[in-house]
Amino acid sequence: MEASEQSRDLTSRRSFLLKGAAVGAASLGAGGVLLEPSEALASGGLTKGDAAILRFLAAAEIIETDIWQQYNELAGIQDSEVPGGSGNPDYTAAVTILDSDMAQYIHDNTDDEISHAAFLNAYLRAHGAQTVNLDKFRTLPSSQATGAQQIGRLTNLTQLTVNTSFWTRYRSDSLNPDLGDPLPQAIPDLATGQHPAIPRTDADLAPTDHLNAIAFTAGFHFAWIEQGGTSLYAGLAQRATHSEVLRILLSIGGSEIMHFQTWQDKAGNALPLTDPTTGLTFPDLNADGELTQTNLIMPEPTPFLDRKFPIVSIIRPTETDGVAMGALNAFTADGLFIGQSPEFFAVLTGLARAADAARHGS
């Protein structure tokens, strides 16, 4: 189907994903690598580099939407804005330990990611550039727990290894990953092994602390997803050429920052516990100093660019070299793509490398 034909079938940003069709059709070669757009784009079109940046971000937003849709089906609000699923009362109650408004927040984050993916693809199409469609890779199974749709997924939320160094990174006044500094894990157990963030079946709904551990894993995963978007947009913005593309990255990136700020605040309400089924332990984050203190949700001033300068409150990391491949590698290390095909990885790797090859002014 040609892009012009497909666009006529998509009457809203929600139909973009929720009818099972992403806006536009990406052209895939025999090896599964996304084909490059022509050098001569439409009048007023994008540079090759700007188009590559926007395509990678569109793919990332499609992936994020798949993640958030699964969370919303089980613990959010299922309505005309974000349809799909019917909710899981027990899991919803466990997630609500983190905040009484979690269902609304999950719904709204899902709605936001749908809008980001739809806008980026629509903008690419409007400028004569190829769009991104990952529908052929929706092959992973759904949760079998009550409330989940039984449809193909892009991502796996049942075998996560969550890097929680973001927690200490934003609380440290002396360490910055952009300067090569390693940061300790806030929840060491989450960074090892494979942990479900949604119930796999209704058997995961008991005992209580097992289900709570799954919900708390989700809480930290929410923050992990959005801190990644926060840094990704900041890193790629430095590679944009056109001012309007820069405006897009700054504007959508700002919403990712707001998401992260919300979720790290809620994750701090996780109760200390040990999962009686798996042994996963959530420690008391307020028992070990400021590096894990739960109410320190504003970015602590830290070294930036060079240690000769005074410390400053910033987003971090914002290094631009290799930022797209770094994001893809982080998604992979998180376990989100366990079960995906080699072709899926080839397509995303091609998109990431093209985005990283973009240069301001070219």
Side-chain angles (χ1 to χ4, degrees), residues 12-19 60-119 142-143 145-149 151 153 155 157 160 162 166-167 170 196-199 204-205 208 211-230 233 251-271 282 285 294-295 297-298 336:
S12 75
R13 64 188 175 88
R14 292 175 184 90
S15 69
F16 158 74
L17 283 169
L18 302 177
K19 286 183 180 178
E61 294 290 0
I62 290 169
I63 290 166
E64 283 194 52
T65 299
D66 185 81
I67 296 168
W68 282 106
Q69 181 68 36
Q70 293 181 69
Y71 283 131
N72 192 71
E73 289 176 15
L74 294 170
I77 297 172
Q78 306 82 37
D79 60 12
S80 61
E81 285 191 323
V82 187
S86 56
N88 186 294
D90 292 327
Y91 179 62
T92 300
V95 170
T96 300
I97 293 172
L98 301 177
D99 190 282
S100 61
D101 289 323
M102 288 293 279
Q104 186 67 59
Y105 299 151
I106 291 169
H107 169 280
D108 290 353
N109 206 140
T110 308
D111 191 35
D112 291 353
E113 306 303 351
I114 293 169
S115 76
H116 293 166
F119 179 88
S142 295
S143 164
T146 298
Q149 290 190 94
I151 59 175
R153 311 288 185 175
T155 59
L157 301 184
L160 299 181
V162 185
F166 70 84
W167 188 271
Y170 275 97
I198 55 174
D204 276 332
L205 303 180
T208 298
L211 180 58
N212 288 346
I214 292 174
F216 296 168
T217 297
F220 279 90
H221 194 235
F222 297 167
W224 178 84
I225 298 165
E226 300 304 316
Q227 63 81 33
T230 293
Y233 276 89
S251 298
I252 295 179
S255 73
E256 301 284 344
I257 295 170
M258 295 175 73
H259 294 161
F260 170 55
Q261 183 83 337
T262 299
W263 293 126
Q264 73 152 336
D265 181 37
K266 305 315 171 189
N269 293 325
L271 305 173
F282 287 84
L285 293 174
T294 58
N295 63 359
I297 64 170
M298 309 295 178
L336 287 169

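Since the model is a prediction, treat every value here as computed from it, not as a measurement.
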Counting C-beta onward and ignoring hydrogens, is there a side-chain heavy-atom pair between [X] and [Y] closer than 4.5 Å?
X	Y	result
Asn212	Phe282	no
Asp111	Trp68	no
Tyr91	Asp204	no
Tyr71	Thr110	no

Ignoring hydrogens and geometry, is there a side-chain-to-backbone donor-acceptor pair from [X] to [Y] under 3.5 Å?
X	Y	value
Thr262	Met258	yes
Asn269	Leu98	yes
Thr92	Leu74	yes
Asp79	Val82	yes
Asp66	Thr155	yes

Working to the nearest 0.5 angstrom, can you tell me the gap between Glu113 CD and Ile225 CD1? 8.0 Å
Can you tell me if [X] and [Y] form a side-chain donor-acceptor pair at under 3.5 Å?
X	Y	answer
Ser142	Gln149	no
His259	Thr230	no
Gln261	Asp265	no
Trp224	Gln264	no
Asn88	Thr146	no
Trp263	Asn109	yes

Below 30° counts as parallel, above 60° as perpendicular, anything between as tilted: where do the rings of Phe220 and Phe166 land? tilted
Looking at Glu73 and Arg153, does any basic side-chain N land under 4.0 Å from a carboxylate oxygen?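 Salt bridge flag = yes for Arg153 with Glu73.
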